[in-house]
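A note on names: the letters A, B, ... follow the listed sequences, proteins ahead of strands, and every chain is numbered from 1.
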2 protein chains.
Amino acid sequence: MEDNKERAEIDNKDLDEETLFVVSQTFKALGDPTRIRILNLLFHKEFSVNGISETLHLRQSTVSHQLRFLKNLRLVKYRREGTTLYYSHDDEHVMNMLRQTIEHACHN
Amino acid sequence: MEDNKERAEIDNKDLDEETLFVVSQTFKALGDPTRIRILNLLFHKEFSVNGISETLHLRQSTVSHQLRFLKNLRLVKYRREGTTLYYSHDDEHVMNMLRQTIEHACHN
DNA sequence: ATAAAATATGAACATATACTAATATATGCA
DNA sequence: TGCATATATTAGTATATGTTCATATTTTAT
């Protein structure tokens with residue numbers, strides 16, 4: 001036996017529950033068209049909630065809900081300016097995956 | 001104006017419906033713990049349906065349903081040997097994303 | 001042709017998810 | 001304080017999703 005009780009999860013037959021949860025949550029975040037559109041919008045610059053709402057033709061409520069979802073997963077962050085909140089992306093790894101997959105899907 | 005009517009989707013404010021569908025479907029496939037476990041299992045070698053079922057303690061029916069899902073997205077393929085079907089992964093890009101994200105999640 | 005083994009399918013069910021309308025909260029300013 | 005603007009939250013609803021049981025299909029061997 002070696003001194004490492006457990007090898008990296010990737011080498012095991014099965015994954016532990018916590019890893020499974022985090023990974024599935026992360027991908028779930030990218031598994032919805034609305035959230036993809038929002039993240040894609042935030043690729044280049046920050047947007048206010050209303051900015052997103054108007055640009056993507058989504059209800060303010062819908063945008064706010066999805067931003068909370070993304071915020072909980074730390075995929076976006078915001079800064080305040082008066083009553084306005086400016087959201088921007090906050091996870092390079094996820095944004096890279098998204099970019100790659102979009103490029104991959106765009107019948108290159 | 002230039003001769004390219006449309007730049008790559010990634011540079012536009014919004015994505016077209018088809019791209020949105022493909023991308024969200026791809027991530028949706030990775031957004032479920034059961035499918036993640038199956039794909040993770042298929043990382044190293046092929047497995048029969050029953051093999052997956054027994055290894056992951058899942059009903060045969062559940063595995064079969066999820067494999068169909070993954071097959072429709074061309075994330076897995078199979079070869080036949082008698083009455084047994086051996087499944088293996090069929091999308092390097094997706095498997096790489098999965099590996100990266102698992103490693104990323106495993107509090108490295 | 002019939003039976004056995006492996007896998008696929010269909011229907012039913014419970015839960016999760018996303019959107020909406022209505023309302024609440026928070027901030028800045030007169 | 002009172003009002004306007006921006007955002008968040010709550011509750012309700014419709015749809016999507018994942019699992020299970022039962023059954024059908026497919027393939028091989030006898």
Whole-Å distance, B/R35 CZ to D/dG18 C1', equals 8 Å
Contact check, residues 23-32 of chain B vs DNA chain D, heavy-atom distance under 4.0 Å, returns B/K28, B/D32
Q) Heavy atoms, side chains only, cut-off 4.5 Å: are A/S64 and A/R68 in contact? A) no
Atom CD1 of A/I52 and atom C1' of D/dT7 are separated, to the nearest Å, by 12 Å
Query raised in the report: Under a 4.5 Å cut-off applied to non-hydrogen side-chain atoms, are A/S88 and A/K77 in contact?
Result: yes
Start with the C-alpha distance between B/Q25 and B/K28, add both sets of side-chain angles, then the distance that settles side-chain contact (heavy atoms from CB on, under 4.5 Å), and finish with yes or no.
-> CA-CA 5 Å; B/Q25 281 296 112; B/K28 220 170 270 186; 4.0 Å; yes
Are any protein N/O atoms closer than 3.5 Å to N/O atoms in nucleotides 21-24 of chain D? If there are, list each pair with its distance.
residue	atom	partner	partner atom	Å
D/dC21	OP2	B/R59	NH1	3.2
D/dC21	N4	B/S61	OG	2.6

B/N50 atom CG is separated from C/dA4 atom P, nearest whole Å, by 17 Å
query: Does OP1 or OP2 of D/dA6 have a side-chain N or O of A/Y87 closer than 4.0 Å?
result: no
Atom OH of B/Y86 and atom C1' of D/dT27 are separated, to the nearest Å, by 14 Å
Original post:
With respect to the phosphate group of C/dC19, does any side-chain polar atom (N or O) of A/T34 fall under 4.0 Å of OP1 or OP2?
Top reply: yes
Rounded to the nearest 0.5 Å, the CG atom of A/L85 sits from the CZ atom of A/F47 at a distance of 15.0 Å
Q.
When you measure from the side chain of B/S24 to the backbone of B/L20, do you find a donor-acceptor pair of N or O atoms at a distance under 3.5 Å?
A. yes
From NE2 of A/H57 across to P of C/dA18 the rounded distance in Å is 21 Å
Item to complete: Indicate yes or no: does A/D14 engage B/R37 in a salt bridge with an N to O separation below 4.0 Å.
Response: yes
For A/L42 and A/H89 the tightest heavy-atom approach is O-CD2, 3.0 Å
Worksheet item: Are A/F43 and A/Y86 in one and the same hydrophobic cluster, where Ile, Leu, Val, Met, Phe, Trp and Tyr link if side-chain heavy atoms are under 4.5 Å apart?
Response: no
So do A/N50 and A/Q60 actually touch side chain to side chain, heavy atoms under 4.5 Å? yes
Margin query: Can you classify the ring geometry of B/Y87 versus B/Y78 as parallel (below 30°), tilted (30 to 60°) or perpendicular (above 60°)?
Written below: tilted
Separation of C/dA6 atom C1' from B/E54 atom CD, nearest Å, is 11 Å
**Asked** Are B/I38 and A/V22 connected, step by step, through hydrophobic side chains (Ile, Leu, Val, Met, Phe, Trp, Tyr) whose heavy atoms are closer than 4.5 Å?
**Response** no
Within residues 66-83 of chain A, the residues having a heavy atom closer than 4.0 Å to DNA chain D are A/R68, A/T83
Have a look at B/S64 and say if it touches a base, only the backbone sugar-phosphate, or nothing, with a 4.0 Å heavy-atom cut-off.
base
